[in-house]
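Heads up: the structure comes next, in structure tokens.
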Amino acid sequence: MGLLRYTLLSVGGAVHPSSSSSRPLPLTPSKFSKCKFRGWHMASSPVKAPRCTLDKPVAGLTNKSSQVAAPTLTGIEDEWEVTKLAADIDPESISEWELDFCSRPILDIRGKKIWELVVCDSKRALEFTRFYPNNVINSITLKDAIMSIVQTLGVPKPQTIRFFRSQMKTIVSKACNELGIRPVPSKRCLSLIRWLEERYEPVYMRHPGFQEGAKALLTLEQSSPLELPDNLCGEKWAFVQLPLAAVQEEMAIVQEESCFGSVPDLDILGISLSDDTLIPGVAIASSRAMGLAGVSKRWIYAFYRKNRQTDQEAEAWEAAKKACGGLHFLAIQESLDSDSCDGFWLILDMPNPPV
């Protein structure tokens with residue numbers, strides 16, 4: 001990889017002229033102190049529902065949830081249930097799922113909220129949805145559903161399942177642990193959140209039991225960030241920006257697993273920007289960059305002392321992020337002059353899903 005050619009983000013969105021080495025000098029808030037930095041920052045008449053493919057008995061499963069579910073739903077839900085695996089995908093390549101198991105703003109024939117399981121991978125090659133009545137919501141139902149997906153679609157059990165609703169941690173974790181799958185609470189379920197947005201009008205709003213204005217029963221919550229251990233503290237940081245073409249080079253390195261990080265699929269998310277679009281980010285310099293990049297918790301990295309200049313710089317950074325649809329990045333490296341990153345995360349600000 002060639003030299004990272006950051007440019008500093010200045011007030012008013014203009015770009016500072018690059019130095020002779022094409023590297024940024026740290027802005028005023030360059031020394032680390034203890035303060036919060038949010039770095040990772042998606043009534044019809046009762047009808048007995050017909051049994052779908054996944055209602056058929058599967059070896060080794062109890063299938064209790066599907067037998068209980070049928071009489072309480074209206075039957076119309078079957079039209080919107082999805083079971084899909086892309087024909088051109090190697091099933092063995094799908095090792096991580098994104099999962100949501102939550103109530104929807106829809107009432108069943110008993111006047112109770114219907115729940116839905118939605119599962120996909122980051123590329124949406126695997127897609128699955130299924131509706132459930134509220135009286136079968138437990139880890140057994142979820143475990144059975146996971147194994148049904150595996151056996152029906154002929155895919156391996158995922159190594160990891162990401163989920164973004166912290167209130168479902170107990171159920172999701174229990175089901176995953178019993179199947180030998182690693183549960184990961186994470187807001188980086190971008191493909192899943194985008195899919196929930198897409199389903200809102202054509203699916204949920206069309207259901208005869210839809211409750212307009214109903215709020216989601218379970219909301220997104222984030223744990224408080226932790227104090228960064230002294231042995232991981234960095235020395236400098238700066239507001240910077242890179243053209244999208246350079247960001248894509250860093251994305252390729254992350255996808256090759258040559259450095260720590262995580263990057264979304266921009267095509268799947270429907271993000272289309274020109275190669276010269278400047279993407280804002282934060283570059284962190286640390287002599288312990290490898291150790292810092294390898295941790296996966298939310299940390300309090302740094303702060304800037306509020307004054308007119310630093311406030312304007314922060315506002316300019318936020319404006320630049322908004323201009324490119326919420327896209328931004330975090331880079332961790334040994335020095336702001338380093339030729340490569342030890343960690344690179346491309347982040348997308350997304351509104352909470354409507355359900």
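If you're wondering where the values come from, they're calculated on a predicted model, not measured in any experiment.
If you check the side chains of Asp144 and Thr141, you find no donor sitting under 3.5 Å from an acceptor. Between the side chains of Arg182 and Asn177, no donor-acceptor pair is found at a separation under 3.5 Å. Between the side chains of Arg162 and Ser186, at least one donor N or O sits under 3.5 Å from an acceptor N or O.
Under a hydrophobic-cluster definition in which Ile, Leu, Val, Met, Phe, Trp and Tyr are linked whenever side-chain heavy atoms come within less than 4.5 Å, directly or via other members, Val119 and Leu85 are assigned to the same cluster. Linking ILVMFWY side-chain heavy atoms closer than 4.5 Å, directly or via other members, places Met350 and Leu346 in a single hydrophobic cluster. By the criterion of side-chain heavy atoms lying less than 4.5 angstrom apart, applied directly or through intervening Ile, Leu, Val, Met, Phe, Trp or Tyr residues, Phe131 is grouped together with Phe210 in one hydrophobic cluster. A continuous path of hydrophobic side-chain contacts links Phe344 to Ile271 [ILVMFWY only; heavy atoms under 4.5 Å]. A continuous path of ILVMFWY side-chain contacts below 4.5 Å connects Ile114 to Tyr200, so both sit in one hydrophobic cluster.
Between Leu107 and Lys112, every side-chain heavy-atom pair lies at or beyond the 4.5 Å cut-off. Proximity of Ile106 to Tyr204: side-chain heavy atoms (C-beta onward) are separated by under 4.5 Å at one or more points. Using a 4.5 Å heavy-atom cutoff, the side chains of Val240 and Phe329 are in contact. At a threshold of 4.5 Å between non-hydrogen side-chain atoms, the residues Tyr132 and Leu142 do not count as touching. Within the 4.5 Å cutoff, side-chain heavy atoms of Ile332 are placed close to those of Trp345. Leu266 has its side chain within reach of Met251: a pair of non-hydrogen atoms, C-beta onward, lies under 4.5 Å apart. By the 4.5 Å heavy-atom criterion applied to side chains, Phe128 and Val118 are not counted as neighbours. Ser262 has its side chain out of reach of Val254: every pair of non-hydrogen atoms, C-beta onward, lies at least 4.5 Å apart.
Without hydrogens or angle criteria, Thr129 side chain to Val82 main chain gives a donor-acceptor distance under 3.5 Å. Looking at Thr310, its side chain does come within 3.5 Å of a backbone N or O of Arg305 through a donor-acceptor pair. The backbone N or O of Ser122 lies less than 3.5 Å from a partner atom in the side chain of Ser191, making a donor-acceptor pair. The main-chain N or O of Ser287 is found under 3.5 Å from a side-chain atom of Glu235 such that the two form a donor-acceptor pair. When atom types are taken as modelled, the side chain of Asp121 and the backbone of Leu126 share a donor-acceptor pair closer than 3.5 angstrom. The closest donor-acceptor contact from the side chain of Thr277 to the backbone of Leu273 lies at 3.5 Å or more, if one exists at all. The closest donor-acceptor contact from the side chain of Thr152 to the backbone of Ile149 lies at 3.5 Å or more, if one exists at all.
The six-membered or imidazole ring of Phe101 lies away from that of Phe163, with a centre-to-centre distance of 6.0 Å or more. Aromatic pair Phe239/Trp317: ring centres closer than 6.0 Å.
The distance from atom CG of Leu292 to atom CE of Met290, rounded to the nearest 0.5 Å, is 11.0 Å. A distance of 5.0 Å separates CD in Glu96 from OG1 in Thr160, rounded to the nearest 0.5 Å. Note: Leu179 CG to Met147 CE = 6.5 Å, rounded to the nearest 0.5 Å. The distance from atom CZ of Arg165 to atom CG of Asn352, rounded to the nearest 0.5 Å, is 8.5 Å. Between atom CD of residue Glu127 and atom CG of residue Leu153 there is a gap of 11.0 Å, rounded to the nearest 0.5 Å. Distance check: Ser340 OG to Glu249 CD gives 12.5 Å after rounding to the nearest 0.5 Å.
Crowding of Lys322 atom NZ: a count of heavy atoms from other residues, nucleotides or ligands under 6.0 Å not exceeding 12. More than 12 heavy atoms of other shown residues, nucleotides or ligands fall within 6.0 angstrom of atom NZ in Lys157. Counting non-hydrogen atoms of neighbouring residues, nucleotides and ligands closer than 6.0 angstrom, the CD atom of Gln211 exceeds 12 such neighbours.
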* To do: Could you please spell out the steps behind the salt bridge (Lys or Arg N to Asp or Glu O under 4.0 Å) verdict for Glu116 and Arg199?
  => CA-CA 12 Å; Glu116 184 185 35; Arg199 286 176 65 80; 2.7 Å; yes

* Intermediate values then yes/no, side-chain contact (heavy atoms from CB on, under 4.5 Å), Cys259 and Asp342 -> CA-CA 5 Å; Cys259 78; Asp342 292 287; 5.9 Å; no

* Asked: Can you list the steps and then say if Leu196 with Phe164 is a side-chain contact (heavy atoms from CB on, under 4.5 Å)?
  -> CA-CA 12 Å; Leu196 291 175; Phe164 63 87; 3.8 Å; yes

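Shortest non-hydrogen contact noted between Gly154 and Pro91 is O-CB, 3.7 Å. For the residue pair Leu278 and Pro243, the shortest heavy atom distance occurs at CD2-N, 3.8 Å. Taking every heavy atom of both residues into account, Ile181 and Pro183 meet most closely at O-CD, 3.1 Å. Closest non-hydrogen pair, Leu327 versus Pro280, comes out as O-CD, 3.7 Å. Summarising the geometry of Ala283 relative to Leu336, their closest heavy-atom pair is CB-CD2, 3.8 Å, with the distance given to 0.1 Å. Across all their heavy atoms, Val355 and Pro105 have their closest contact at CG1-CD, 3.7 Å.
Of the charged side-chain nitrogens involved, none lies within less than 4.0 Å of a carboxylate oxygen, so that Arg206 and Glu201 do not count as a salt-bridged pair. Asp108 has no carboxylate O lying under 4.0 Å from a charged side-chain N of Arg104, or vice versa, which leaves the two without a salt bridge. Checked for salt-bridge contact, Glu198 and Arg124 meet the test: a charged N lies under 4.0 Å from a carboxylate O.
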